[in-house]
Amino acid sequence: MSGCLARGVEDGVFCGAQAAWYVDGQIGRCAAGRRYIDGPPVTDDTRFDIASLTKLFTTAVALRLSDRRVIDLSMPIGEFTPSLPKGSIWRHFTVEQVLAHETGLPDWQPYFEGIDSRIRGREDGMRAILDMVFSETATALENGASRYSDIGFIGLSEILSRRASAPFDLLVAREVTRAVGLDETAFFPVGTPVDPATAFARTEECPWRGRVLDGEVHDDNAFAMGGVAGHAGLFSSARDICTFGAAWLASLDNSGWISRDAAE
């Protein structure tokens with residue numbers, strides 16, 4: 001595997017990468033290349049922006065809360081979240097529909113463009129985006145059809161937070177990362193000091209932020225919300241993602257951190 005990664009670096013596919021695998025109860029891992037073109041080497045504990053893999057952690061939170069009957073996956077959201085705007089279409093969705101991308105909500109919207117630069121990355125920015133999310137319209141889908149949606153998971157993380165009475169980053173830590181033992185997976189909220197020893201793989205030179213993103217969420221809507229959201233925002237390592245996958249497999253064998261029914 002390390003040879004494959006090294007060839008990817010040599011061929012210019014990427015400047016650096018990690019890989020991890022799970023076999024017979026053991027995790028193997030390797031790394032190659034650099035954290036950015038002329039930067040230090042990628043190591044086993046380098047953190048990567050895992051982007052939409054964040055949605056799997058949001059899903060895990062929902063299933064954990066369902067196991068404890070804090071939420072009902074098949075109940076209309078408006079029945080257990082009365083604080084939603086009265087005219088919001090979200091009142092008629094179920095959590096199950098959101099998880100399965102069956103709401104008909106848009107796949108993506110450039111909400112960040114409408115957020116004043118003075119509140120981007122702050123709580124006011126998050127609230128402004130949530131107002132837009134809960135005011136969205138949806139396209140009717142045929143039975144069994146789906147439409148992948150960032151918007152659904154942005155709103156779902158807020159609904160889960162309200163129901164569990166906890167900020168979403170703390171909810172993910174409590175229900176997933178600490179429960180599974182993921183020491184290298186976390187949100188890094190905008191403006192929060194980061195331990196200088198934490199090594200990040202850079203993502204890009206962002207034109208509208210005017211800087212290279214290093215330990216700062218790449219997704220623009222997640223950034224405008226403060227770096228914590230249900231659709232994107234987590235940083236992790238290949239080892240932790242592999243450990244997370246192993247935890248799902250254990251749950252399917254009825255020995256994991258969520259019930260077998262939920263895992264299935």
Side-chain angles (χ1 to χ4, degrees), residues 1-61 121 168-170 172-206 209-220 222-223 226-229 231-250 256-257:
M1 181 65 76
S2 59
C4 291
L5 294 188
R7 283 195 297 275
V9 174
E10 292 170 5
D11 293 344
V13 178
F14 40 71
C15 64
Q18 292 172 332
W21 54 93
Y22 178 74
V23 180
D24 296 331
Q26 300 295 318
I27 291 178
R29 53 198 166 116
C30 62
R34 298 185 176 277
R35 302 204 309 257
Y36 42 96
I37 292 174
D38 57 350
V42 172
T43 59
D44 289 334
D45 60 356
T46 299
R47 310 282 186 98
F48 285 76
D49 181 330
I50 64 170
S52 280
L53 283 181
T54 301
K55 294 182 178 71
L56 296 179
F57 289 77
T58 304
T59 299
V61 169
F168 190 64
D169 54 346
L170 298 184
V172 169
R174 184 183 79 198
E175 301 295 340
V176 188
T177 59
R178 288 202 296 266
V180 178
L182 307 182
D183 298 327
E184 296 169 352
T185 304
F187 290 103
F188 290 89
V190 175
T192 301
V194 176
D195 185 342
T198 304
F200 295 97
R202 292 180 176 177
T203 50
E204 70 160 356
E205 184 173 354
C206 179
R209 288 181 238 178
R211 56 183 176 272
V212 174
L213 305 185
D214 187 349
E216 183 179 339
V217 62
H218 178 245
D219 183 273
D220 295 324
F223 170 79
V228 177
H231 70 299
L234 279 172
F235 288 79
S236 189
S237 65
R239 174 175 52 195
D240 262 15
I241 296 299
C242 194
T243 302
F244 187 43
W248 281 96
L249 291 175
W257 97 115

If you round to the nearest 0.5 Å, how far is [atom2] of [Y] from [atom1] of [X]?
X    : Y    : atom1 : atom2 : result
R7   : S2   : CZ    : OG    : 9.0 Å
T243 : D183 : OG1   : CG    : 9.0 Å
F244 : S236 : CZ    : OG    : 9.5 Å
F48  : L53  : CZ    : CG    : 12.5 Å

Closest contact, heavy atoms only, [X] versus [Y]:
X    : Y    : answer
A19  : A238 : C-CB, 3.9 Å
A232 : D219 : CB-CB, 3.8 Å
G215 : F188 : O-CB, 4.2 Å
T203 : H218 : OG1-CD2, 3.9 Å
V42  : G16  : CG2-CA, 3.9 Å
F223 : R211 : CZ-NH2, 3.6 Å

Check: How would you list all residue pairs meeting salt bridge (charged side-chain N to carboxylate O under 4.0 Å, His left out) that involve residues 190-206, not counting sequence neighbours?
Finding: R202-D214

Notebook entry, point to check: By side chain to side chain donor-acceptor pair (under 3.5 Å), which residues pair with D169, not counting sequence neighbours?
Noted result: none

Are any non-hydrogen side-chain atoms of [X] and [Y] less than 4.5 angstrom apart?
X    : Y    : value
F187 : T54  : yes
D220 : R209 : yes
D45  : S237 : no
I50  : F57  : yes

Determine all donor-acceptor pairs shorter than 3.5 Å in which one atom belongs to a side chain in residues 22-37; sequence neighbours excluded.
{"residue": "R29", "atom": "NH1", "partner": "D44", "partner atom": "OD2", "Å": "3.2"}
{"residue": "R34", "atom": "NH1", "partner": "G39", "partner atom": "O", "Å": "2.7"}
{"residue": "R35", "atom": "NE", "partner": "F200", "partner atom": "O", "Å": "3.0"}

Notebook entry, point to check: Is a side-chain donor or acceptor of W257 paired with a backbone partner of E175 at a separation under 3.5 angstrom?
Noted result: yes

Next item on the list: Mark yes or no for whether Q18, through its side chain, and T43, through its backbone, hold a donor-acceptor pair below 3.5 Å.
Entry: yes

Note to self: Testing the 3.5 Å rule here: is there a donor-acceptor pair between the side chains of T185 and D240?
What the structure shows: yes

